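All remarks here apply to the structure that follows.
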There are 2 protein chains.
Amino acid sequence: MPKVGMEPVRRKALVDAALRVIGDHGSLSVTMSEIAKQAGVSPALAHHYFGSKEQLLIETIRSLLKQLRDDAVTALKAARTPREKLSALIRVSFQADQFAPQTIAAWLAFYAEAQRSEETRRFLMIYARRLRSNLVANLKPLCPADAAEHIAEGAAAMIDGLYIRQSLRSAPVSIEASIALTEDYVSMQLGRVGI
Amino acid sequence: MPKVGMEPVRRKALVDAALRVIGDHGSLSVTMSEIAKQAGVSPALAHHYFGSKEQLLIETIRSLLKQLRDDAVTALKAARTPREKLSALIRVSFQADQFAPQTIAAWLAFYAEAQRSEETRRFLMIYARRLRSNLVANLKPLCPADAAEHIAEGAAAMIDGLYIRQSLRSAPVSIEASIALTEDYVSMQLGRVGI
DNA sequence: TTTTATTGATTGATCAGTCAATCAAAATTA
DNA sequence: TAATTTTGATTGACTGATCAATCAATAAAA
């Protein structure tokens, strides 16, 4: 079997499998066996490449974050004005694959894990700060600095809150409605101070 | 030992212990032993009274919810006008003990669990709906019905989002700031349509 | 031959859940 | 009142299952 150079292929397959299994299962209490099976390899191989379950999970959240960042970068590049960039950030947050039940379930599981794992928390803090600073940067040209901080805080909270509420599938707020709600908040706050 | 009538005492002690252990641990992956130890009884007794770990956890979330409801009822009674009642609802959501790191960690853990446990999800949906309908009921006197739904959705999302972000302890938004942010949102939305 | 990839089998630890036994208060009987 | 029975409370010890992690063995490429 051993074609040389399988390592990156296997690593990716395992990380993707982990994300899928976690999303389906809605929890980090998934077994290495499940993940390995999903990736089509033996559990032993997962340990061989990642050393431990924890390490595999760390890589998994890292990949989730990278995906989000790449999307944000692309969306920001496509937008011209600060106001357009704000809309782009909101749209990226609610894009279909991010808002899929499994993805939301995975995020939630990682947030819970962050209560225990320092490293997981670090990653989620990076996400939170990035969203915030992206928002602030594009709000500052449109309003006073202190207002920008304030609005960014509120918008970020609303985005995260819409995720949480989506996870219950109780009163499913559609993607469009979620975007509208957040856009509305930002527009109204900006309207208060001009533009 | 057997003084008769220990059952309710033990049940409460175990539920409280579970909440504490879950909050400290930041996860539902806590052992019956830990919970029982915290309650000062043997693991076997926990099983005796609750039958299973799952059942104990269900009772635990039920108690968390009851606490919140009682507080809300009290706060609503003390407020007079609809606008005051809205403020009361916001204040209750962010009251100190609810906003304590351990309580937030427990909520988060239950949200994650809700992905798997139908019953847990039911409870959380009750919370979500209750908050929403309380908000709507007190918004309706102040604005058109469709606006009330819209504002309630946004405010509820913001509240939940502020919780989530609090759980990371990254950019700790104080209780007062959280209340202010939500109040601000509601006031501004209402300002748009009068009052 | 050496190196890389891969797995089956195994181990050790952890836990939920069970059960038989004990202890002491309360109820009943003498 | 004293003796006896009943019942609720409680636990230690055990079991069976699950799982992360290890390792020695194998297979194929280089």
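It should be emphasised that the depicted structure is a prediction, and the values quoted were computed from it without experimental measurement. A note on names: the letters A, B, ... follow the listed sequences, proteins ahead of strands, and every chain is numbered from 1.
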Could you give all pairs that pass the side chain to side chain donor-acceptor pair (under 3.5 Å) test and reach residues 40-54 of chain B, with sequence neighbours left out?
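Residue pairs passing side chain to side chain donor-acceptor pair (under 3.5 Å), neighbours aside: none found.
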Could you give all pairs that pass the side chain to side chain donor-acceptor pair (under 3.5 Å) test and reach residues 94-114 of chain B, with sequence neighbours left out?
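Every side chain to side chain donor-acceptor pair (under 3.5 Å) pair that includes a residue of residues 94-114 of chain B, provided the two are not neighbours, is B:Asp24-B:Gln102, B:Asp71-B:Gln95, B:Gln98-B:Trp107, B:Glu113-B:Arg116.
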Take the protein atom [atom1] of [X] and the nucleotide atom [atom2] of [N], then report the distance between them rounded to whole Å.
{"X": "B:Leu45", "N": "C:dA21", "atom1": "CG", "atom2": "C1'", "value": "15 Å"}
{"X": "A:Phe50", "N": "C:dA5", "atom1": "CZ", "atom2": "P", "value": "13 Å"}
{"X": "B:Lys37", "N": "C:dT14", "atom1": "NZ", "atom2": "C1'", "value": "15 Å"}
{"X": "A:Glu54", "N": "D:dA21", "atom1": "CD", "atom2": "C1'", "value": "14 Å"}
{"X": "A:Tyr49", "N": "D:dT22", "atom1": "OH", "atom2": "P", "value": "17 Å"}
{"X": "A:Met6", "N": "D:dA29", "atom1": "CE", "atom2": "P", "value": "12 Å"}

Test side-chain hydrogen bond (donor to acceptor under 3.5 Å, both in side chains) applied to A:Asp184 - qualifying residues, sequence neighbours left out:
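Listed in chain order: B:His150, B:Gln189, B:Arg192.
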Partner residues of B:Ser167 under the side-chain hydrogen bond (donor to acceptor under 3.5 Å, both in side chains) criterion, sequence neighbours left out
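Not a single residue meets the side-chain hydrogen bond (donor to acceptor under 3.5 Å, both in side chains) criterion with B:Ser167.
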Among residues at least two apart in sequence or on other chains, which ones pass side-chain contact (heavy atoms from CB on, under 4.5 Å) with [X]?
{"X": "A:Thr74", "result": "none"}
{"X": "B:Pro141", "result": "B:Pro82"}
{"X": "A:Ala88", "result": "A:Ala75, A:Ala79, A:Arg91"}

Heavy-atom contacts under 4.0 Å between residues 110-122 of chain B and DNA chain D, which residues?
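Within this stretch, nothing sits under 4.0 Å of the strand.
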Heavy-atom contacts under 4.0 Å between residues 7-20 of chain A and DNA chain D, which residues?
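Here the set is empty: none.
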Which heavy-atom pair separates A:Ala96 from A:Ile175 by the least distance, and what is that distance?
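Nearest heavy atoms, A:Ala96 then A:Ile175: CA-CD1, 3.8 Å.
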Nearest atoms (heavy-atom pairs only) where A:Gly26 meets A:Ala105
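Result for this residue pair: CA-CB, 4.0 Å.
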Which pairs, protein N/O on one side and nucleotides 16-20 of chain D N/O on the other, fall under 3.5 Å?
from	atom 1	to	atom 2	distance (Å)
D:dA20	OP1	A:Val30	O	3.3
D:dA20	OP1	A:Lys53	NZ	3.1
D:dA20	OP2	A:Met32	N	3.0

A:Phe110: what forms a ring pair (Phe, Tyr, Trp, His ring centres under 6.0 Å) with it, not counting sequence neighbours?
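Partners of A:Phe110 by the ring pair (Phe, Tyr, Trp, His ring centres under 6.0 Å) criterion come out as none, since no residue qualifies.
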Can you tell me which nucleotide in C:dT6, D:dT11, C:dG8 comes closest to the side chain of A:Ala44?
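Minimum distance to the A:Ala44 side chain belongs to C:dG8.
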Not counting sequence neighbours, list each pair that qualifies as a salt bridge (charged side-chain N to carboxylate O under 4.0 Å, His left out) and has a residue in residues 150-164 of chain B.
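Matches after skipping sequence neighbours: A:Arg165-B:Asp160, B:Arg132-B:Glu153.
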